[in-house]
Amino acid sequence: MTIRVIIVDDQAMVRAGFAALLAAQSDIDVVGEAADGRQGVAVSRNQHPDVVLMDVRMPEMDGLAAARELLNPPVGVVHRPKVLMLTTFDVDDYVYEALRAGASGFLLKDAPPADLIAAVRVVAAGDALLAPSVTRRLIADFAAQRPSGATRGGQALRLNGLTPRESEVLELIARGLSNQEIAGRLVLAEQTVKTHIGRVLAKLDLRDRAQAVIFAYESGLVTPGDAAGV
């Protein structure tokens, strides 16, 4: 199955480079480009891509606003692509907000070409992509600053709907462990871990792993610094 991708970035050279790299892959088809968020939303609504590569900072409409429009469309718009945010910064407030809005993750623009290709495939498959070098610090730092007491209290109540095992799996996701690592830690089959994750996402009404990480921090299940020793 071919992965349909559009590239949204205000730098023409970046778009051209990414397009050439991705189009050379037999399983990826670049179906559109846009120079700002507003155009990106329009192209996405027209082309129905599987994945949108979205730059964070752009004129007219930035990547955050565009991601919100794509992931929370108006009534009558059914298509919701996966959104992968692109940034030049290790720590970027926009990235955190984009994850909260439902983006499937982020990737640094200076990542190796192979990482970009792999990222598109990972996101298209329905998983979340959080750049390992910065994710734990970025999410922990911002999550510590953002949630209000009311928000945290409401989310903590939602945790009550999880079984002890599901809560344990969610905690390990937030600490940055892969499915394989969680399986090893809990002495479970990897497929069983996937089943638990699916139930966690369904019960908490979360789109993917990225939102699960945000939720775990904001609910207080995991506190900033907890991941350091994992």
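Reckoned from all heavy atoms, side chains included, excluding hydrogens, waters and symmetry mates. It should be emphasised that the depicted structure is a prediction, and the values quoted were computed from it without experimental measurement.
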Which atom of [X] lies closest to which atom of [Y], heavy atoms considered:
X	Y	value
Met85	Ala103	CG-CB, 4.0 Å
Ala19	Val30	O-CG2, 3.8 Å
Val8	Gly40	CG2-CA, 3.8 Å
Asp36	Pro59	CB-O, 3.2 Å
Ser44	Pro81	OG-CG, 3.7 Å
Ser167	Leu221	O-CD2, 3.8 Å

- Message: Set out, in order, the CA-CA distance, both residues' side-chain angles and the distance that settles side chain to side chain contact (heavy atoms under 4.5 Å, CB included) for His196 and Leu188, then state yes or no.
- Response: CA-CA 11 Å; His196 283 309; Leu188 297 172; 4.2 Å; yes

I'd like to check [X] versus [Y] (side-chain heavy atoms, cut-off strictly below 4.5 Å). Are they in contact?
X	Y	value
Leu70	Met54	yes
Leu172	Leu186	yes
Arg158	Leu206	yes
Phe215	Leu159	yes
Asn179	Arg209	yes

Nearest 0.5 Å please: distance from the [atom1] atom of [X] over to the [atom2] atom of [Y].
X	Y	atom1	atom2	value
Arg57	Leu86	CZ	CG	13.5 Å
Thr192	Ile182	OG1	CD1	12.5 Å
Glu33	Leu53	CD	CG	10.5 Å
Ser219	Leu170	OG	CG	6.5 Å
His48	Ile6	NE2	CD1	10.5 Å
Asp62	Asp10	CG	CG	11.0 Å

- Full working for side chain to side chain contact (heavy atoms under 4.5 Å, CB included) between Ile173 and Val213: CA-CA 6 Å; Ile173 289 173; Val213 173; 3.9 Å; yes

- Trace of the side chain to side chain contact (heavy atoms under 4.5 Å, CB included) decision for Leu204 with Leu162: CA-CA 8 Å; Leu204 298 178; Leu162 302 182; 4.1 Å; yes

Checking the side chain of [X] only, and the main-chain atoms of [Y] only, is there a donor and an acceptor separated by less than 3.5 Å?
X	Y	result
His79	Pro49	yes
Asp50	Arg4	yes
Gln39	Ala35	yes

- Got more than 12 heavy atoms from elsewhere within 6.0 Å of CG, Asp110? yes

- Task: May I ask you to decide whether Arg185 forms a salt bridge with Glu181, counting only side-chain N to carboxylate O separations under 4.0 Å?
- Result: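 A salt bridge is absent here (no side-chain N lies under 4.0 Å from a carboxylate O).
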
Side chain to side chain donor-acceptor pair (under 3.5 Å) partners of [X], counting only residues at least two apart:
X	value
Glu69	none
Gln11	none
Lys109	Asp9, Asp55

- Message: Please determine whether side chain to side chain contact (heavy atoms under 4.5 Å, CB included) holds for the pair Ile117 and Leu22, giving the CA-CA distance in whole Å, both sets of side-chain angles, and the decisive distance to 0.1 Å.
- Response: CA-CA 7 Å; Ile117 296 167; Leu22 294 173; 4.2 Å; yes

